[in-house]
There are 2 protein chains.
Amino acid sequence: ILNKQLHYLHSNKVAQSLKPSDDFIPRHLGNDSKSTQSILNTLGVKSIEELMDQTVPASIRLPADQVCKYKGREIQAIHSETLLLAHMRDLANANKVNKSFQGAGFYPTHIPSVIRRNVLENPNWYTPYTPYQAEISQGRLESLLNYQTMITELTGLDVSNASLLDEASSASEAMFMAYNVHNGKRNKFFLSKHIFPQNIEVVKTKAYGLGIELVIDEPANFDWSKAEEFCGYMVQNPDNLGTITDISEVAAKLREKKVVVTVIADLLSLAITKTPGEMGADIAVGSAQRFGVPMAFGGPHAGFMAVKDEFKRKMPGRLIGVSKDVHGDKALRMALQTREQHIRRDKATSNICTAQALLANISSFYAQWHGAEGLKAQANRVRNFADLLIQEFKTIGIKSVTDSVNHFDTVTFDAVASGFESSDSIISDFHKYGINLRRVDDRHVGISFNETTTLVDLDEIIEIFYDLKSKQTSAGFLSEEYYKNSKFTELPANLKRSTNFMQQPQFTEITSETQMMRYIQRLADKDIGLTNSMIPLGSCTLKLNSAIEMIPITWNGFAGVHPFAPKDQVQGYMQLIKTLQDDLCAVSHYDYVSLQPNSGANGEYAGLMAIKRYHESRGDFHRDVCLIPTSAHGTNPASAALCNMKIVVVDCDENGNVDVADLKKKAEANKDRLAALMITYPSTHGVFEAGVKEICEVIHLHGGQVYMDGANLNAQMGLTSPGFIGADVGHFNLHKTFAIPHGGGGPGVGPIGVKKQLAPFVPGHPVIPVEGKSDLTVAAAPYGSAGILPIPYAYIKMMGGKGLLASSQHAIMSANYISKKLEGHYKILYKGEGGRVAHEFIIDMREFKKSADVTEGDIAKRLMDYGFHAPTVSFPVVGGLMIEPTESEDKVEMDRFIDALIRIREEIREIEQGKADKHDNVIKNSPHTLKHTICDEWKHSYSREKAAYPAPWIHTRGKIFASVGRIDNVFGDRNLICTCPPVTDFL
Amino acid sequence: ILNKQLHYLHSNKVAQSLKPSDDFIPRHLGNDSKSTQSILNTLGVKSIEELMDQTVPASIRLPADQVCKYKGREIQAIHSETLLLAHMRDLANANKVNKSFQGAGFYPTHIPSVIRRNVLENPNWYTPYTPYQAEISQGRLESLLNYQTMITELTGLDVSNASLLDEASSASEAMFMAYNVHNGKRNKFFLSKHIFPQNIEVVKTKAYGLGIELVIDEPANFDWSKAEEFCGYMVQNPDNLGTITDISEVAAKLREKKVVVTVIADLLSLAITKTPGEMGADIAVGSAQRFGVPMAFGGPHAGFMAVKDEFKRKMPGRLIGVSKDVHGDKALRMALQTREQHIRRDKATSNICTAQALLANISSFYAQWHGAEGLKAQANRVRNFADLLIQEFKTIGIKSVTDSVNHFDTVTFDAVASGFESSDSIISDFHKYGINLRRVDDRHVGISFNETTTLVDLDEIIEIFYDLKSKQTSAGFLSEEYYKNSKFTELPANLKRSTNFMQQPQFTEITSETQMMRYIQRLADKDIGLTNSMIPLGSCTLKLNSAIEMIPITWNGFAGVHPFAPKDQVQGYMQLIKTLQDDLCAVSHYDYVSLQPNSGANGEYAGLMAIKRYHESRGDFHRDVCLIPTSAHGTNPASAALCNMKIVVVDCDENGNVDVADLKKKAEANKDRLAALMITYPSTHGVFEAGVKEICEVIHLHGGQVYMDGANLNAQMGLTSPGFIGADVGHFNLHKTFAIPHGGGGPGVGPIGVKKQLAPFVPGHPVIPVEGKSDLTVAAAPYGSAGILPIPYAYIKMMGGKGLLASSQHAIMSANYISKKLEGHYKILYKGEGGRVAHEFIIDMREFKKSADVTEGDIAKRLMDYGFHAPTVSFPVVGGLMIEPTESEDKVEMDRFIDALIRIREEIREIEQGKADKHDNVIKNSPHTLKHTICDEWKHSYSREKAAYPAPWIHTRGKIFASVGRIDNVFGDRNLICTCPPVTDFL
Ligand SMILES: Cc1ncc(COP(=O)(O)O)c(C=O)c1O
Ligand SMILES: Cc1ncc(COP(=O)(O)O)c(C=O)c1O
Ligand SMILES: O=C([O-])O
């Protein structure tokens, strides 16, 4: 029907006059034709085309027949919102959602409705960015601190980060940490073979990239005589077959040998079993998925990592810490950022940038909702289901290989020994009943219970077994009689959790939905999201995340699917994925797209690994030099380091362009070892460098491959493309260019596009091979965070080629508009040859440091008083602010933002001219909180109104007041606290 | 499966230990066992049972076997949230959602996702109450003002109210207005027979109740010689068959005769057709449903009414008006409340209290989203569909009876004349294709197009007709060729809209989703909802509206159904309705429940009509006296007046009880004419009167029937019941007791329960007879606002009998807790015999008027400074505040509320003692806005901190600042403006 409809629309005029009147394009673009015209007038151009001609070098402009088209791939648009929604429904319905008992790290769970509605489906939660501007982010910072507290409490360890990408990559980060603890001097890492295969595979990839020697074996076979060659040792509890092992003694011995011990743990099991901390592990990792986050065909979910205190400065990812503000009040912010890639670059503890904030928050609200008692009850419940099944298996004659006592939620049986043909045969028998079991291997089948399991489900499973074994159903399973005789086993004392957990008020005081709803609301009220303000963060592309794009992701047809569901049950997803891959190829002119990487940084890593393997496949084992311009994002060198590449930095010239001469020199100098160039285009300086094609040619000439960082793809769509320019591989940030919301710090999706020579080396998956490939895995699920792919899919379909082109055109137009209006007030740092900036640009604040002791950071804080979220601070230029309005902001909002910046310039002038005090001024004291603006004693040399309402339009536009004053970062890093203090006043 | 699950759970202990751990009851109740115990300690009772014994008179306590049970009806509970959700999904799936072309006032429409997510599914919009406290309600007041503006612009009339219950009742209100314009002296009313049948029937009911003589005929047959006997004249455009008529000339003539002319209009058609205003009508009414509100099996939707300026003071319902606040800033509030029932009682312009605020807001956001151009395009589009069909009908040989030019979206044809057996036969032929057509009568069938119609749909319809007529499909309908030859007709000049509309910035400046989202957010940020604060409005019962209860209502299986869909397509709804009726009987001990009334007031009206008809059926035509105690809500006398009843007021004694002696006297005195007593129980004074059974007996003794107003049912559930006490009929406010959110002023649902003697006289429906009844209709749809019945259904199922009992117990407990804690600070006005209040109570502020010139209204405003929504002001006792916490508020929140009131008492004392200025004090100047608290010049004798942060916990709890200062009501009523001024600064 959709096709029929689309056919009509294209066929004739009368039909077109009858087409649905709900085109998405004008809704996505901030400016309508009237305000667009007014902007173009300001810019002194007649048309947006003319502006593009001035901005994008002719040498890289796409010919008309390649605009969002590539090798027969062309975006089939569905511009109508309602047709799109109907189409999404069809796709969702094309997935058959069986009851899943597949487990292996993914479990059906119930997201409490109050959390679903008020967090997952609430733009106040899903649209904010990473809380770099802490003063207007205290809401999600508090929630992330709750999350960290929950993780430390459940794992029995000291410090948790604020999430990683998933369980498998968390495991690989743990290995990297162990490696770093020994400064790379111990080169072996031991991995139990009873770890979920996707975890093994992702660890393998990382070990391979770093050159770590992995020993995968039975724990019993660990060679103690060589213990000191090992940096780390890793097991999983419950293991791949469902058995829990107390490793306390082993851990103690390993500790003596300074081998770092990691346990991959099931978060729910920790409510009732001995914790990794109690067992003596140094690190615990895992997934918080089953705490209320839908399986969603694999993600996104929060991966967690908790460590002993001594390792905290080696922690990958973001860490929320408690500090105080200038008034001495408690205030939260991201702590210890000196560990992170944006500061330490290739020396960083990991390349993790975007993580899983939204999902971490959901899991933590979930834990608050259930509390310790609720989680214990749930854990006991799933264990009891497994217990009943194990007992019943004995009666039926099914051979369980899971320990009949030391188990949690999972029972694995030997299908062949139980008299079935194979694991596949019994699995397909169960499919007939709408039930998915886990294929562990040829003969083993796993059944994992979960929060959603009911007695009816267990009953059905047991009945099916009886049937299959042609036995009479046990007299009255589930009858009164049956239960009189049945008892649950207990975990042995050494495996039982003996410690209390989550006794902080955060986890005990919310018992009603009203309290939960108000708590969620109160936190959201503190934060700036796209619901309140433009978030002009350069390089981050905070465009509209439309409601319609978000609606399908919570449908059961998408949310309810296990990532290892058989292909014939996921036809909707398969169609969506294939189309999305093709559409991304059409936009980027790459030949193939892998959707597995679940963040931009992970995409970089996967892309560089592909390059590495490509060279190796040609015998070029020595190619390990990666050229990276100075302007590059910190993730670039951090990712290259993970592939053991040698980073050679290339200079930039005064115009913000890569210094081609320097590049040539360095490429030439390293020509035998040249592996890759990493380049961002347009550059992070906001410039369309004219020399980019030449740059690519130089690299190719010297045997290297070009990696193009896709963060700035929003300036390219339909105008040029990475593939057209000459890139061989690069990631897309679907959470920037393609409308996935930032979630307050994740989720993201960072697929990579590759030219055909690299296609054989993109990520595969050991459980569900991807295009036949099962190695180089970088994420737990075959298609990464598949559950949010409906968002970019919907965005691309509703925009179509012409809409994507319009997105880039408008994004560039709006950046040029703001830049033009700020000219004369601020120094615009870089421009292209045509005198235009790209979709973002940098204003330079360095002069004010001298003239008024005002820094770029001060201005960022002062913008909060105007109700705005700051632009990107100090990246890529220290002392600069990078502004990116995106195509979704309208002129009225931009004009207010411009006005705010111009007024701030005046405020600086007042300091420069001595009219305002050098220390006690509106800028240095910003942001001004309500509490301190309304306090009785106002001790400042300026007025309260000037502090809080520095522009008249603030009254009508409204603003989110910063909920704390300027935060003392140093204090917090020095006195690091990363869990909830026992506050009683938070409600 | 559900039944199996429930069976297990009841069957044995082991099974119970495996039941889902997501019971709803503890989530709905604000207090857990710990805080409950602490409250009981404060109250000096050992158990909640003991407290009940002290509170509810023994004489009316239900015996154990009647607790939420009645005559074999017993609530089958589903306590688990997840099982409930699965069950709701089953019910939704049991409705077959055909494509509906049935029209007749209900049309498929698309709610833009940004509005669905951010308004309909957002507790900030759906949980607030009617904006009586204007200063913390400016958000929805602005949106309702937009709505009124939209209605006046589209209808071409001067003043619109802020919604009525639906189109049919709006028509009946128009008749009542015409009747009132003539002060009841013209007793005839003319109704075109070409009005939708449900509109005719609801007008009929009202005419019958009021004793108006209705003439229903062809407009051409209007007897001009008797024109001056008619108070009003009403037609519908487009009419029942789809034809539009220009009544300009008729209207002009009628105007000369002072006959009030009403046009029932289709809101979408008004975008392109001549408006009622332009035709000379005095009143336009209709439904705003097709502006983005799902059909939802009949409702809720906003009914609209617009009138000429001269009638504005006669307007039924609520009117939002522009005024100014104490600072001179523009401020909105409900205007001209002197017309309303709570002031004018039986002299009111109508009995409308709860209206359809949420739906009006959705429709108005929808209009903003589409703008005038968008609406015109849509209107033209549906007209063009009809046009193509009419043209094609000629080819196929189908006989249209709709004017081939003067039509809008609807084509009606004569099935028999077209060669079909009957209307039923062709309708069922179409059912096979999943298409519903409208059965107009035995031979006529209607097809109405709508926003969601696509060319593919039209194509399908035409193909089916060809098929049925065994003709070859017209060569290439929808082919290029076809359209070359086809043209659309144009409306004749006299029927075309010539005036521009909706040119205010509100309707022109929002073009992008980002703008829309921020606008919605900015409005919501100004208002207090249950997301921010308890809303302790006595008599209004603002309990938790849980997210899970709200989730199903936007599912297509519930939302997408036309109210006239055939029974076999609505089995899910039928099961839900039947169960809900039975469950309400189980709670109330009535014998039958009618779900049609769509507000409490409409329930009163339906109930009194049932009493009237009951008496008449027994030959008691003279029984027309209705006894109403002084404490009654204003809707009671207003409803009685609509049934032409004579109201006799019964006194209350000093304890807040009905003065039984006075009652006896008046019942005795009127015994031959006694129709009814209307009584609220527990009384609006918050007292369980011990004499209530006796009161009922007295009424019965004298031949009367007892109507029990159900507003306070939240104090009765499981403890006592109306039926048990002796009531014969009464409404339930499902939007109070049964968790339907108040929507900021509606929707509500006010079903009535009746004892069996009244069952024959409850509302039926002319199109879809209800239990065989087709008269006494009070709403447009057979089951009223059926679309939100899933909410009370879910609530009842999740609570079960024991949960409902717990609700009432906790509601009473919490009211007693607050009352106890306030004792000694304020005078508690009324208590029951055991010294306890019911679920609400009144504190008396009258003494402060003298001692400190402080009124109850002042205290209400000052509470805003503490972050609280005020209790009910001046009802039922002038000078009192009535406090009702409900069972969903927790002790911590109540303690803050208590603390706020105690602090306010101190503030009063400061005035009394001369420590604070009599005029310039925190109370008189409340609420304090941000703008004026942060202004440079603070001219008050107290500090800013005292103004805005009078209690320390406000900083952590947070608060919504009043967005305007104290509003000048008199100014606004004197200078009445009820539409948007052309403000440009609202974004
Ligand atoms: C230029 C650039 N490259 C890479 C990244 C990393 O992407 P992600 O945060 O998705 O890992 C970013 C993120 O801001 C970026 O701006
Ligand atoms: C006692 C009482 N009766 C009747 C009503 C009218 O109910 P509704 O607003 O649903 O029409 C109310 C509303 O507040 C009320 O409090
Ligand atoms: O179907 C839903 O919209 O959840």
Side-chain angles (χ1 to χ4, degrees), chain A residues 1 4-5 8 11-12 14-15 18 20-22 26-27 29-30 32 82 110 113-114 117 121 123 374 377-378 381 384 454-456 478 480 483 486 511-515 517-518 521-522 525 531 544 546-548 551 888 890 892 931 933-936 943-945 948-949 955-956 958 985 987, chain B residues 1 4-5 8 11-12 14-15 18 21-22 26-27 29-30 32 82 110 113-114 117 121 123 374 377-378 381 384 452 454-456 478 480 483 486 511-515 517-518 521-522 525 531 544 546-548 551 888 890 892 931 933-936 943-945 948-949 955-956 958 985 987:
Chain A
I1 288 201
K4 210 168 164 189
Q5 174 69 24
Y8 291 157
S11 65
N12 66 63
V14 177
L18 291 170
S21 53
D22 58 352
R27 301 307 188 177
L29 300 177
D32 62 5
T82 51
H110 291 304
S113 302
V114 61
R117 267 288 155 87
E121 299 181 344
Q378 253 192 55
R381 191 170 167 270
N384 288 342
T454 63
L455 217 37
V456 179
L478 294 178
E480 197 86 35
Y483 284 104
S486 69
T511 67
S512 77
E513 179 167 335
T514 299
Q515 291 169 313
M517 171 178 73
R518 288 188 192 148
Q521 171 84 20
R522 205 164 313 149
D525 282 350
T531 47
L544 170 70
S546 78
I548 192 172
I551 283 177
S888 300
D890 58 283
V892 178
K931 182 173 166 188
T933 307
I934 294 183
C935 66
D936 284 352
S943 79
R944 300 185 206 231
E945 220 171 304
Y949 289 111
H955 288 297
T956 42
D985 59 359
L987 270 183
Chain B
I1 289 201
K4 211 169 163 190
Q5 174 70 23
Y8 291 159
S11 66
N12 66 64
V14 177
L18 291 170
S21 53
D22 58 351
R27 301 306 188 178
L29 300 177
D32 62 4
T82 51
H110 290 304
S113 302
V114 61
R117 268 288 155 89
E121 299 182 345
Q378 254 191 55
R381 192 171 167 269
N384 287 342
T452 74
T454 63
L455 217 36
V456 180
L478 294 178
E480 197 86 34
Y483 284 103
S486 69
T511 66
S512 77
E513 179 166 335
T514 299
Q515 290 168 314
M517 170 177 74
R518 288 188 192 146
Q521 171 84 20
R522 206 164 311 151
D525 282 351
T531 47
L544 170 70
S546 78
I548 191 170
I551 282 177
S888 300
D890 58 283
V892 177
K931 182 174 167 188
T933 308
I934 293 183
C935 65
D936 283 352
S943 80
R944 300 186 204 230
E945 220 171 303
Y949 289 111
H955 287 295
T956 42
D985 61 359
L987 270 182

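In what follows, every chain begins at residue 1, and chains take the letters A, B, ... in the order their sequences are listed. Below, all heavy atoms of this structure are taken into account, side chains as well, without hydrogens, waters or symmetry copies.
Among B/S546, B/A377, B/P123, the residue making the largest number of heavy-atom pairs under 4.5 Å with chain A is B/S546. Top candidate by heavy-atom pairs under 4.5 Å with chain B, chosen from A/N384, A/D22, A/D32, A/V114, is A/D32. Chain A forms more heavy-atom pairs under 4.5 Å with one residue of B/T511, B/T514, B/D936 than with any other, namely B/D936. Between chain A and the options B/G30, B/A948, B/G958, the largest number of non-hydrogen pairs under 4.5 Å is found for B/G30.
In summary, the side chains of B/S512 and A/D890 do not present any donor paired with an acceptor at a separation below 3.5 Å, with no hydrogens or angles considered.
Contact annotation for A/L29: only backbone heavy atoms (N, CA, C, O) come within less than 4.5 Å of a heavy atom of chain B. Interface residue A/E513: backbone and side-chain heavy atoms are both found under 4.5 Å from chain B. In this structure, chain A has heavy atoms under 4.5 Å from both the backbone and the side chain of B/E945. At a 4.5 Å heavy-atom cutoff, the contact between A/R117 and chain B is made by side-chain atoms alone.
One finds the CD1 atom of B/I548 at 9.5 Å from the NE2 atom of A/H110 (value rounded to the nearest 0.5 Å). Note that CE of A/M517 is 9.0 Å distant from OG of B/S888, once rounded to the nearest 0.5 Å.
Looking at heavy atoms from C-beta onward, A/T82 lies out of side-chain contact with B/T452 at the 4.5 angstrom threshold.
Distance alone, capped at 3.5 Å, places no donor-acceptor pair between the B/R944 side chain and the A/C935 backbone.
Scanning all heavy atoms of the two residues, the minimum distance from A/S21 to B/Q378 falls at OG-CG, 3.6 Å.
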